[in-house]
Every structure is written in C-alpha cells, then in structure tokens.
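Note that this is a predicted model, so its numbers are computed, not measured. Within every chain, numbering begins at 1; the chains are lettered A, B, ... in the order of the sequence lines, protein sequences first and strands thereafter.
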Number of protein chains: 4
Amino acid sequence: MPRPSVEAQRREQILRAACEVLSDQGLHEFRLADVARRAGVSSGTIHYYFDGKRAVLSAAFEHNYRLSISRRRELTAEGGRPMAALRELVEAFLPRRAEALTAWRVWAELWAEAMRDEQFQAINETLYGQWRRLVTDLIAQAQADGSARAGDPAALANMLVAMIDGLAVQVLAGSREMTADRMRRTVLQFLDGCVAA
Amino acid sequence: MPRPSVEAQRREQILRAACEVLSDQGLHEFRLADVARRAGVSSGTIHYYFDGKRAVLSAAFEHNYRLSISRRRELTAEGGRPMAALRELVEAFLPRRAEALTAWRVWAELWAEAMRDEQFQAINETLYGQWRRLVTDLIAQAQADGSARAGDPAALANMLVAMIDGLAVQVLAGSREMTADRMRRTVLQFLDGCVAA
Amino acid sequence: MPRPSVEAQRREQILRAACEVLSDQGLHEFRLADVARRAGVSSGTIHYYFDGKRAVLSAAFEHNYRLSISRRRELTAEGGRPMAALRELVEAFLPRRAEALTAWRVWAELWAEAMRDEQFQAINETLYGQWRRLVTDLIAQAQADGSARAGDPAALANMLVAMIDGLAVQVLAGSREMTADRMRRTVLQFLDGCVAA
Amino acid sequence: MPRPSVEAQRREQILRAACEVLSDQGLHEFRLADVARRAGVSSGTIHYYFDGKRAVLSAAFEHNYRLSISRRRELTAEGGRPMAALRELVEAFLPRRAEALTAWRVWAELWAEAMRDEQFQAINETLYGQWRRLVTDLIAQAQADGSARAGDPAALANMLVAMIDGLAVQVLAGSREMTADRMRRTVLQFLDGCVAA
DNA sequence: CATGAATGAGCTTTCATTCAT
DNA sequence: CATGAATGAAAGCTCATTCAT
C-alpha cells in the first residue's frame, strides 16, 4: 500500500532543496547531486520523481513563484487600507531576510533563462501576471477609496513592479550604491510622489 | 616582426563572439568551443589570449557594458535639451533591434551571476554606476533649465533606470502583457507624470 | 490457502513476456522493467519468482527452446513418410510468422551470449541436441524406408540444421538477397539434391 | 600541423580494441571505457574520433568484416584450382585460432543486433554480400573447369556459407557435439558429396 | 504473495584545459 | 603566434536490486 502523501512530500522536499541550490550556486552550477544531498535523498530518487534536470528546474521555478505569491496574498487579504498594504508589500519584497533573498535569486535565474526557453517563459508569464494583477488591484482599490490619485492602475502597477525588480537586482548584485535600505526609500518615494493622493 | 595591434584585434574578435554566444545560449550553455567557432579561431587561441573561461566571461561582460555606454554617451553628448535626450535614451534602450537585445541578454546573465561572484559585482558596480550617473546628470540638467520638476535627481534616476531594467527583463522574457511598445509607453508616462515639469 | 498453481502461472507469464522483450529489444536492451510491464506485474514480483536478471534470461532461453521443440515434435509424431515430415519441418521453421520470428530472434541472442557463458552453453547443448536428434532420426527413418539415399544421418542432419540456422540469420538480418522464400527454395533444393533418394 | 596519418592510426587502433572487447564481452557488456583501456587511450579520445558508442560499434562491425574479407581474398586471388581454394577457405574459417574466433564472435553480435537495426543490416547486407559473391565465383569457376558438378552456383554458395555460419555458431557456443574438427569434416563432406564433380 | 519507493553503482558523454608541434 | 589532438574529471541518467509494508 503506497502511502498517498509520500509523493507530494518528496516532491516538495526536492523542490525546496532545488531552490536553495539554485539560489546558492545559480543555474550555471546547478547540480542534481547537490539537490539530492541537500534534500537528503539519493540521486536516483530525484529521477524517480522528476523526468530529469530540466523538469526539476521547471518545477523549482514554479514552486518559488507560488510560494512567494501565496505569502503576499495573505499580506493583502484583509479588506482595509490598500495604500498601507502596498507599502507593506514593498517591505516584504526587500531583499533582506534569507527567505526573500532566495526567492529573488531564483527569479533572476528564471528571467535570465526564460529569454531563450519557452517553457520558462510560460511559467513567468502566468505567475508574474498574478503578481502584476495583485498590485494593480491594490492600486485600483486605493484610487477607489481616494488614497491614490487618478491614472491607469495597470500602468502604475507596471512602473512599481518593474522598479522593484530593477532595484532588487542591483541590491542583490551587491551594489554599494544601491542597498536594501536605499531601495526601500526609493520605492516609498515613488509611492508618495507618484501614486498616493 | 610582431604586429602590435594583432593582440587587440584578436581579443576584440573573441569578445564579440563571446557576447553573441552569451546572448544566444546563456551562461548556462556558454561553451568556449562555440566562442572559438564563431570567432573563427581555435580553442587554443582563446586560451592563448585569456586565462580561461572565467576570464573570457569577465572580459565579455565588461566589453558589453562599455560598448553600450559609449554608444549612449554619443547620444547625450551635445549640450541642448536634456529632457529630449532622456526620451531618446529610453528609445535607444528598448529591446527591439538585435543590437539592443544582445546587450540586454548579456546584462541579464551578468546580473544573475553577479549575485554570487565578487568579480562580476565589481564590473557591474563600476559600469552600472556610470550609466546611473549619466542619467542623474541629465535629470539635474533638466531641473537646471526648468524642464524637470524639483526633487533628488539621484533618486529619480534610480527609479528610472530600475524601471527600465525591470520592464526590459519582462519584455525579453517574452511576456505578451509587456511588449517593447508597452514598455516604451510606460516609461514615457513615468517621465511625463513624475519627472517632467 | 495457497493456490499451488499460481506460482507456475506467474513464472510462465513472466517468461512469455521475457521472450517477447528479448525478441523485440534484444539482450542488449533487455530490461526487467519492460518484462514486468509486459507481464502486467511489478518489478518486485519478478524478483520474487526469479533470482535476478540472469535467472530470468536463462529460464526464458530454455522456455523458448522447449516451446519450439514440443511444437515440432507434434509435427513429426505420426509414423509415416519421414521425407515429407522433413519438408514440413523446414516450412515450419521459415522465419515468416510472428511466432517463428520471435523464436529465431531469441535463439540468435542465446547463441551470441552462449559464446561466453557456460550456463547458456549448457542450455543450448541440451536443447539444440534434442533438435539435432529429431532431425537425425527422421533422416535415418527416410533411409530405412528408401526415401533417402545412404550416408551418415548425423552428418546430413548437421548440414541441414546448420544451413537452416545460417540462412535464417540472414533472413532475420533483413537481407534483400536472402528472403524467407529464397531460404525455402535453397533448403528444399538441398533436400532434393543431397538427401532424398 | 596535424600529422595526416594520426587520425587513421587512432581510428584503426580504437576499432581493433573495440572488436576485441566485443569478442570478449559481447555487445551486452561492451563498454567504451574498456575499449579505451585496451586501445591505450582516454575515453575522451574515443569521443574525439567517433560520435558515440553506436558509431564505434558500427565502425567496428564494418572493420571486422573488411578485415576478414580482405584476408580471404588474398587466399583466393591466384588463378588456379578453385575447388582447392574452396577447401582452403573452409579451413581458414574454422573457429580455431584466436583471430578467427574473434571475427566469428563479432559477427554473431552483429547478426543478433542487425535484426532490429537498419544501419547494422546495411553493413551486413553489403559485406556479407561480398563474401557470398566470392564463394559463388569460386563455384562457378570450378564448374567451368569441370571440378564441380552442374547446378546454380549462387544456390550452392548460399548452402555452403549458411552451413558454415550455422556450424560455427554451434562450435563457438561450446557444443561438445559440434567441435571445430567435426565442423571441418561436415563441410568437406558437403563439398565432396554435393558440390565436387 | 505482491508491491513500488528508494537506492547507488556504473555507464556515456561533455568540455575546459594542456602541450607538442 | 596559433593549432588541434588528447586528456580526464565531472555530470546526468539508467536500472537491477532491496525491503518495509
């Protein structure tokens, strides 16, 4: 009798390890052997649950996105005060704590690779789209309750998320001119100066 | 009779090929054999001019940056009309023509890799810094001649360049929601709504 | 309540599947996983009934031989007309119908492998010997009833069975110069010209 | 300056080793690592000269055939006495000396594999065809000079070569009932009884 | 009896690097 | 200066085998 949960458990265990390896070593030095070691399973087990390196990568990219988005959604679930939620969102995405750092590094790898890979493009399109919509909705709500000024909420959301991405990349690249703190101030300045009422 | 320029020529030839391979295949599938083939030299020659794969990569990243910045500098060299120059800069960076696409793809690889490599971080710090300063100066000039509103020019520059990076990454990742055209409108909207006087 | 026949059934089921896999894929690509799938059992079950891959192979080779010989024996059981029985035997061995093709392919694998494996040699020695004797007896009977000319029946049998093997191998190797039809004519020509009275 | 002969030398060196490994271990346990060791080169070198395992196999099968046929052709080159040449041919093919044993074992592997592989079938068709023609010509010459009786020389050749193959396979499979000596007597008996005038 | 999850040794293959020429 | 033959470490992947259930 196979225990029905074991497959989900193993996959989750492997994908978590894969994201860590991806974050620590980059796609460039992403080895299934390292994933196996970190997940505490044999290399055979990885091939038992996934069709190969590429399949692990794909699933890891998706896993990384889903995890972040579900966390953010909790943050914005409650009805009240959308401008405050936006500001909290910004804080949550600052590349400061290990958790956020890992997520950002995995995204950067996904983006770099998606430029030539349709499968990865599809993952990004779907999940980045969810993130974009989440922000768009918050801005629209803020406009509705008068805490944000008028303007196309989708355009404003695109400005905001792109700015966050661009700044985070520089922070993660170890820029001394662009620290997490400076990133925070820059984005909040944008929110205050260009979005808030 | 050693021809003194042959070394510079060969290096240039190899680096151009390296950028093309990097753009076409990504760091992940970056093979010196491919660089050699594209440069029309033997693999031995690459090792004769560079200390190894990593050295070729470093030099290629730097080459890619220098090329772009020198091109942009020409664009902004003349004295007059800094706001117009900013708008032209935005156009020039749109990931549309092959030349710009190649440059963006190489940057994306550099950023992803710089997250774990101090040497690459140093390259990025220096050369991204030049680009940041170029934009900051333009904004300051625009404020000086009254075509841009008041505000910390460095902060505005950071918003702008980060936004451009973030949007370009999505365009390059093949997003159907974020095309080069949409990117253009979004950035210009930001310039009109948050920077211009 | 142990069902006493279940073991024999399972073994038979597995061996039939093994012969099919052997015929379809060759020893070279003979995988227990494929045998299991084709037999409709788990890989664990195969190891429950056999001591490992080699044991399955051995048993499959033997199974293939026994099946063929028992079929041929039926063909030659009745008393009368040994020369006619020889001709029928030839027809029955032509690599034409799926059943005969499978048997031939398994033999070819056995022979190739038996060159280095004493266990397989023993199987071949015993069972090929039965086949040789069956043919020798028929020839001897034909000589006794005057339908075959004189001569050492064992030598004639060796000529005949070797010729059949050698021709079948070329037919199975897809030769356009040696088809099943040509094989038939060649062997019958030998029977008429060198064996029959 | 690449020495022009080095490629041919290396390929020959590797193919000879490949035939030995094939003969000693069979296709089933044919490892490129063993070929490399036996040829005294690295595994990398094998991949430098051949496109992979399959390519080595193909070339080895062909090499084995060409070697045997060119040796036999020398045997039959001189004009006189075709029946004697046929008898010598039989002697030369007896699986006795190491050289002949190796060739036979490699053929057996080729035949087994050719049953499912068109590329191997093509090799067999071409080179076995040459062998068949060589024998056919000898028989026709023997008929012309009156040392062989009438009859379709192609059919007689097919009988003869198939018989040789079938007998050799049993000898190689270690049969105690069919030794090299018995094989010799059997084939000569066929030549005397069915071919010679 | 039978399962299938899990293992890990062992294989082919790739590719940066070296060095004799 | 430049080549390319040769290397060998390291990687992904396969599959016979084991064993808790």
Side-chain angles (χ1 to χ4, degrees), chain A residues 1-4 6-7 9-10 14 29-36 39-57, chain B residues 1-3 6-7 9-10 29-37 39-57, chain C residues 1-3 6-7 9-10 29-36 39-57, chain D residues 1-4 6-7 9-10 14 29-36 39-56:
Chain A
M1 273 177 293
R3 288 133 302 168
V6 91
E7 170 161 350
Q9 264 180 39
R10 281 281 174 283
I14 290 166
E29 311 227 309
F30 179 79
R31 311 274 175 256
L32 288 186
D34 298 324
V35 176
V41 299
S42 71
S43 76
T45 299
I46 293 188
H47 283 90
Y48 187 79
Y49 285 103
F50 294 92
D51 272 347
K53 189 182 188 179
R54 178 154 222 82
V56 174
L57 263 180
Chain B
M1 290 173 287
R3 286 139 298 169
V6 92
E7 175 165 342
Q9 265 179 37
R10 280 279 177 286
E29 309 231 308
F30 179 81
R31 312 278 176 250
L32 286 188
D34 297 326
V35 176
R37 197 173 309 117
V41 299
S42 71
S43 75
T45 300
I46 292 186
H47 281 86
Y48 183 82
Y49 283 104
F50 295 91
D51 272 349
K53 187 181 188 180
R54 182 150 220 85
V56 174
L57 263 180
Chain C
M1 289 173 288
R3 286 138 298 168
V6 93
E7 174 164 341
Q9 265 179 38
R10 281 279 177 284
E29 309 230 309
F30 179 80
R31 313 275 175 252
L32 287 188
D34 297 327
V35 177
V41 301
S42 72
S43 75
T45 300
I46 291 187
H47 280 87
Y48 183 82
Y49 283 103
F50 295 91
D51 272 349
K53 188 183 185 175
R54 182 149 220 86
V56 174
L57 265 180
Chain D
M1 273 177 295
R3 286 134 303 167
V6 91
E7 171 161 349
Q9 264 180 39
R10 281 281 174 283
I14 290 167
E29 309 227 310
F30 179 80
R31 311 277 174 253
L32 288 187
D34 297 325
V35 176
V41 299
S42 70
S43 76
T45 298
I46 292 188
H47 282 89
Y48 187 79
Y49 284 103
F50 295 91
D51 274 347
K53 189 183 187 175
R54 177 155 221 82
V56 174

*Output all residues satisfying side chain to side chain donor-acceptor pair (under 3.5 Å) with Arg31(C), sequence neighbours left out; order by chain, then residue number.*
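Partners of Arg31(C) under the side chain to side chain donor-acceptor pair (under 3.5 Å) test: none.
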*Sequence neighbours left out, what passes side chain to side chain donor-acceptor pair (under 3.5 Å) with Thr45(A)? Give chain and number order.*
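Thr45(A) satisfies side chain to side chain donor-acceptor pair (under 3.5 Å) with Ser42(A) once adjacent residues are dropped.
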*Specify the closest pair of heavy atoms between Glu29(D) and Asp34(D), including all atoms of both residues, with the distance to one decimal.*
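What the structure gives for the nearest pair is O-OD2, 4.2 Å.
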*Which pair of non-hydrogen atoms, one from Ala39(A) and one from Ile14(A), has the smallest distance, and what is that distance?*
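Ala39(A) and Ile14(A) have their closest heavy atoms at CB-CA, 4.2 Å.
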*Taking the side chain as every heavy atom from C-beta outward, state whether Leu32(C) and Phe50(C) have any pair of such atoms under 4.5 Å apart.*
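The answer is no, as the side chains (C-beta and beyond) never meet within the 4.5 Å cut-off.
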*With the side chain counted from C-beta on, respond yes when Phe30(C) and Lys53(C) share a heavy-atom pair under 4.5 Å apart, and no when they do not.*
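Phe30(C) reaches Lys53(C) side chain to side chain.
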*Figure out the CD/P separation between Glu29(D) and dT14(F), and round it to whole Å.*
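Spelled out: CD on Glu29(D) to P on dT14(F) is 20 Å.
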*dC13(F) C1' sits how many Å from Leu57(A) CG, rounded?*
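Leu57(A) atom CG is separated from dC13(F) atom C1' by 15 Å.
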_C1' gap between dT21(F) and dC1(E), integer Å_ =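 Nearest-Å result for dT21(F) against dC1(E) at atom C1': 13 Å.
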*asked:* So Tyr49(B), base contact, sugar-phosphate only, or nothing? Heavy-atom distance under 4.0 Å.
replied: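 If one applies the 4.0 Å heavy-atom cut-off, Tyr49(B) turns out to touch the sugar-phosphate alone, with no base involved.
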*Quick one: list whatever passes side-chain contact (heavy atoms from CB on, under 4.5 Å) with Ala33(A), sequence neighbours left out.*
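Residues passing side-chain contact (heavy atoms from CB on, under 4.5 Å) with Ala33(A): Arg37(A).
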*Stems in DNA chain F: runs of 3 or more consecutive Watson-Crick or G-U pairs, distances under 3.5 Å?*
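Runs of three or more consecutive pairs: E:2-21 with F:2-21.
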*Using a 4.0 Å heavy-atom cut-off, write out nucleotides 7-12 of chain F from 5' to 3' as B (base contacted by protein), S (sugar-phosphate only) or - (no contact).*
BBB-SS
